[in-house]
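Before any comments, here is the structure.
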Protein chains: 2
Amino acid sequence: MAKTTANTKSKLLKAASQVVRSRGASQLTLEAVAKEARVSKGGLLYHYRSKRALIEGMIAHLLASFEKDIENQTKSNEDRSAWLEAYVKLSFDPHLSHLEESAALVAAIANDPELLVPIQEQYLAWQEATEASGLDPAIATIVRLAADGLWFNELFDLSPLTAERRAEVLETLLKIIKESQNDRQDCAES
Amino acid sequence: MAKTTANTKSKLLKAASQVVRSRGASQLTLEAVAKEARVSKGGLLYHYRSKRALIEGMIAHLLASFEKDIENQTKSNEDRSAWLEAYVKLSFDPHLSHLEESAALVAAIANDPELLVPIQEQYLAWQEATEASGLDPAIATIVRLAADGLWFNELFDLSPLTAERRAEVLETLLKIIKESQNDRQDCAES
DNA sequence: ACAACTATACTGTCTGGACGGTATATTAAT
DNA sequence: ATTAATATACCGTCCAGACAGTATAGTTGT
């Protein structure tokens, strides 16, 4: 029961993301999702009582899995900058950057901006973590924003970076994190 | 004649952006736009033969006005880094960052990702300009991505930055442009 | 000067289809 | 037997686009 329910719900969320990614947010219809998940429309509506509830589920899943991956990355690293490093790495990793789940963001934008509220709240926590990284806050913020910039660029297929440049950028961001941290630890100067 | 046509088209584009911004992309309907522009639906369809054509018009307008502002900013500055500096400044300037016209992007995402193609093409040119800035290409790209990150954050109301931090970040980005340029001009080292 | 004609810039109405959501069956699990 | 899960049929609404018609301005012929 609880298990099959969770399985079905997860299957539905995956199907919803798939529909958004392959056909665009405007094609995110209950029928399309149900068909993709090989479930009837009634079945979908049993688990998610409305389209809005479905998208809320997508958003919650996106945030939860992102947080989980951040935690996995940071627990083996005691540096204060570990969080920022993990954030950057996740944003750049094609397997972990949650581009699949990120369809949730697109669905929310397309359907009702209010659905973004949980993400807005999460960003507050992320910025706090960024500023607690031990780096100069402006530098730390620039690093976070650059990671976001890449993530959004790739989410909308805008990124014109070659694979080489992309790798260089990642490397440079990680170097900035390491070096800026040392600056502040060794010299305690600006 | 031609003048009133241009006026009406411009009025319609403005109305369309307004609808997206105030009611969300899902409420971008021909009727809503027509009403906002105080024109009949038939009148709208006279100027833009389909909803798709309307959004294409919005995108073209966004790109054109962004390019125009970049040009205005750069023509009084001969540095190779002028383009990147202008890009950063435009992204941060609430008056010039085209957050109004940027509704076009939201509309495209919500309706049909194919509508983003002109923007994808523009990004190629922007990345070329970024790499021609005289800075280390990875640093220059990070600067551009950070500007993008802020722009997207604010477009979706995600940005958790205080006004002070925001100002610091802008200042730091401009400083990076100036300093990195000097590094390469003075020392001709990495 | 002026009628005949054409092009431009609209308005208001209508329709076919899609979609969200409901109501109601049907089947499976315990 | 009862609850959980899934399926089918259907309703009402909304919306893109078509269409027919109107008003006004410009053009041409005489």
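Predicted model only: the values in this text are computed from it and were never measured. The analysis underlying the following values was restricted to heavy atoms, covering all of them including side chains, and did not include hydrogens, waters or symmetry mates. So that the names make sense, note that chain A is the first sequence line, chain B the second, and so on, each numbered from 1.
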Is it the case that over 12 heavy atoms from other parts of the model lie below 6.0 angstrom from the CD atom of A:E67? yes

Measure from CZ on A:R49 to P on C:dG21 and round the result to the nearest Å. 12 Å

Using a 4.0 Å cut-off on heavy atoms, which residues in residues 29-36 of chain A reach DNA chain D? List them by number, or say none. none

Test: A:K35 and A:E31 ion pair at under 4.0 Å: no

Protein and nucleotides 10-13 of chain C: nitrogen or oxygen contacts under 3.5 angstrom:
from, atom 1, to, atom 2, distance (Å)
C:dC10, OP2, B:T8, OG1, 2.9
C:dC10, OP2, B:H47, NE2, 2.9
C:dT11, OP2, B:S40, N, 2.4
C:dT11, OP2, B:S40, OG, 2.6
C:dT11, O5', B:S40, OG, 3.3

Separation of D:dA18 P from B:Y48 OH (nearest whole Å): 18 Å

Rounded to the Å, how far apart are B:D112 CG and D:dA16 P? 14 Å

A:L54 near the nucleic acid: base, sugar-phosphate alone, or nothing, with a heavy-atom cut-off under 4.0 Å? nothing

Might you list the N or O atoms of the protein lying below 3.5 Å from N or O atoms in nucleotides 22-24 of chain D, with each pair's distance?
none

Before accepting this row, confirm whether a basic side-chain N of the pair A:K11/A:E36 lies closer than 4.0 Å to the acidic partner's carboxylate O. no

CG of B:L13 to CD of B:E100, rounded to nearest 0.5 Å, is 10.5 Å

Are B:Y46 and B:L12 connected in a single hydrophobic cluster, I mean Ile/Leu/Val/Met/Phe/Trp/Tyr linked by side-chain heavy atoms less than 4.5 Å apart? no

Write down the distance between CG (A:L45) and C1' (C:dA25), rounded to a whole number of angstrom. 16 Å

For the pair made of CD in A:Q27 and P in D:dA16, what is the distance, rounded to whole Å? 13 Å

